[in-house]
2 protein chains.
Amino acid sequence: MVARYERIAAELRDDILGGAYPVGSQLPSEAELAARYSAARGTVRQAIAVLIAEGLIGSRQGARRVVLGNTPSQSFAELHSFAQWAKANGLRVGGRVISQTPRAARGAEAERLACGEVLEVLRLRTLEGEPVLIERTVYAGWIAPAVAALPPDCDSVTQALYDSVGLVFAYGEHLIDAVAAGASDARLLGVRRGSPLLRQRRITTTYEGRPVEWSDDRYRAGSVTFSIRNSIGSNPLVRQAGDLRLGD
Amino acid sequence: MVARYERIAAELRDDILGGAYPVGSQLPSEAELAARYSAARGTVRQAIAVLIAEGLIGSRQGARRVVLGNTPSQSFAELHSFAQWAKANGLRVGGRVISQTPRAARGAEAERLACGEVLEVLRLRTLEGEPVLIERTVYAGWIAPAVAALPPDCDSVTQALYDSVGLVFAYGEHLIDAVAAGASDARLLGVRRGSPLLRQRRITTTYEGRPVEWSDDRYRAGSVTFSIRNSIGSNPLVRQAGDLRLGD
DNA sequence: CAGTGGTCTAGACCACCAA
DNA sequence: TGGTGGTCTAGACCACTGG
């Protein structure tokens, strides 16, 4: 069951990506679109909110909406899983578990993951055969057995945990910065010690807000880039969650 | 004139940040909130969409909404301006222009900025007196005169351009990755050559989608962190614009 | 000033989750 | 099965942009 506004959004998106509305041009008014699609104004607004959130169009009170871009942007949804992101981009992903260690929670881990026992897993991930990512993931105790039961060459942990125990990685917070490669980072990724790595630390929770994992992921410089689109203004449907923070 | 839904959102936000609804707990139903605030359901939903976009609460069909976090998150709006972000965080910002060069657009610049003549400005920015950021900004020709007229120690270019010519930096796209410090980066930031820098390349446009600037900003490692909150699921009001990309 | 998007209402039906 | 959030409608008024 695809919602009406989703179909309208899809049509408008195709029009924009297809060049019917060039960058800088104006979209038809809400009233026109409502008539064209025989939908209520609210439904059209919902469709437009989707495109605004994708960064394709801009909006402000009193003026016609403007096309800002014509490059498709995937949602951050894929950011939850390296494997799913790679697959969506048609890339061959691989990897293996380097080490897997049950231990007591240390420092802030106990609070962050809301548990005392954790499972630490170190994985090396490859893209098109090249090592690009080191994942140091700490899983909460309650999910540790399911993680430990996975095969060491499992390509998508997210998918595997969904299939095996129905776990959904629903929400995430990500902290992104740059760090120098340590000795083990350098050896595993095949770069020199001290060379720059893009670090993404994230905490993931279930739909209920229960913490699942805390991970420190380090990408080889040049292998991947984060992309964000934003806008100022008071339009609440546009607002992005995220900001620049002080260094830890 | 503050909208009704903004005030409702503010009240709910205060309740969450104040601990009235702990992380993991459930929010009242839409019907309850509508009654409490004497507002229509749609208005309450709009308020809730704000909090969802801030990453404070999660939502899915059929289940009560859940509190996901209780740390305030500024919008990406501040990401448009280093000075405004710093000010919002109570930090003292400084900086100076290192060089300023009018020249012809090179390579992809002409297309990206939709102009032939550009102004390249190199700035060093400081936070609490410490150098943390190098900005290499290329301004489109049409705004170059206004930029050139700014004082060399101008703290907020965004603010100054708004005051002087009414220019608004309305939309932005940001590409974030890690690079090694080059010779001049290292000298200006006071770090060793080859040490990791967090790079944020961005293109900024007006409300009309007209490109204003293209910038390559490099932060000293450890000085700042990007933070992003996301969620999976089909809720259109939640969707974030942004994704992980292949290296350039 | 006309046109446009932003806000708000009141009500309806449906899909989904949990008990 | 009852309650909840997701979708959709039809209409109203207001704030703002632009000529």
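Just so we're on the same page: letters track the sequence lines, and every chain starts at 1.
- Following rounding to the nearest Å, A/E6 (CD) and C/dA15 (C1') show an atom-to-atom distance of 15 Å.
- B/I57 has its CD1 atom 15 Å from the P atom of D/dT4, to the nearest Å.
- B/E109 and B/R103 are joined by a salt bridge, as a carboxylate oxygen and a charged side-chain nitrogen come within less than 4.0 angstrom of each other.
- Side-chain atoms of A/S59 lie closest to C/dG5 of the nucleotides C/dG5, D/dT9, D/dT7.
- Separating the CD1 atom of B/I52 from the C1' atom of D/dT4 is a distance of 13 Å, rounded to the nearest angstrom.
- Computed from coordinates, the A/R41 CZ to D/dC13 P distance equals 14 Å when rounded to whole Å.
- Judged purely by atom type and a 3.5 angstrom limit, B/R4 uses its side chain to pair as donor or acceptor with the backbone of B/Y37.
- Heavy-atom distances to DNA chain D give each of B/L27 and A/V44 a nearest nucleotide, and the one nearer the 5′ end belongs to B/L27.
- A heavy-atom distance below 4.5 Å is not found between the side chains of A/V121 and A/E135.
- Expressed to the nearest 0.5 Å, how far CD of B/E213 lies from CD1 of B/I203 amounts to 9.0 Å.
- For A/E208, the listed nucleotide lying nearest its side chain is C/dA18; candidates were C/dA18, D/dC8, C/dA12.
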Check nucleotides 1-4 of chain C for protein N or O atoms closer than 3.5 Å to its own N or O atoms and list the pairs.
residue : atom : partner : partner atom : Å
C/dG3   : N2   : A/G62   : O            : 3.3
C/dT4   : OP1  : A/R64   : NH1          : 2.4

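- Taking atom CD on B/Q46 and atom C1' on C/dG5, their separation rounds to 12 Å, with Å as the unit.
- The shortest distance between the side-chain N/O atoms of A/T43 and the OP1/OP2 oxygens of D/dT9 is below 4.0 Å.
- In terms of position along DNA chain C, the nucleotide closest to B/R4 lies nearer the 5' end than the nucleotide closest to the other residue of the pair A/M1 and B/R4.
- Nucleotide C/dG5 holds its P atom 15 Å from the OH atom of B/Y207, rounded to whole Å.
- With sequence neighbours left out, the salt bridge (Lys or Arg N to Asp or Glu O under 4.0 Å) criterion links B/E208 to A/R60.
- OP1 or OP2 of C/dC8 has not a single side-chain nitrogen or oxygen of A/R45 nearer than 4.0 Å.
- Checking side-chain atoms of A/R229 against main-chain N and O of A/I52 turns up no donor-acceptor pair under 3.5 Å.
- Following rounding to the nearest Å, A/Y5 (OH) and D/dG5 (C1') show an atom-to-atom distance of 12 Å.
- Rounded to whole Å, the distance from OH on B/Y37 to P on C/dC8 is 14 Å.
- With respect to the salt-bridge test (charged N to carboxylate O, under 4.0 angstrom), the residues B/R64 and B/E32 qualify.
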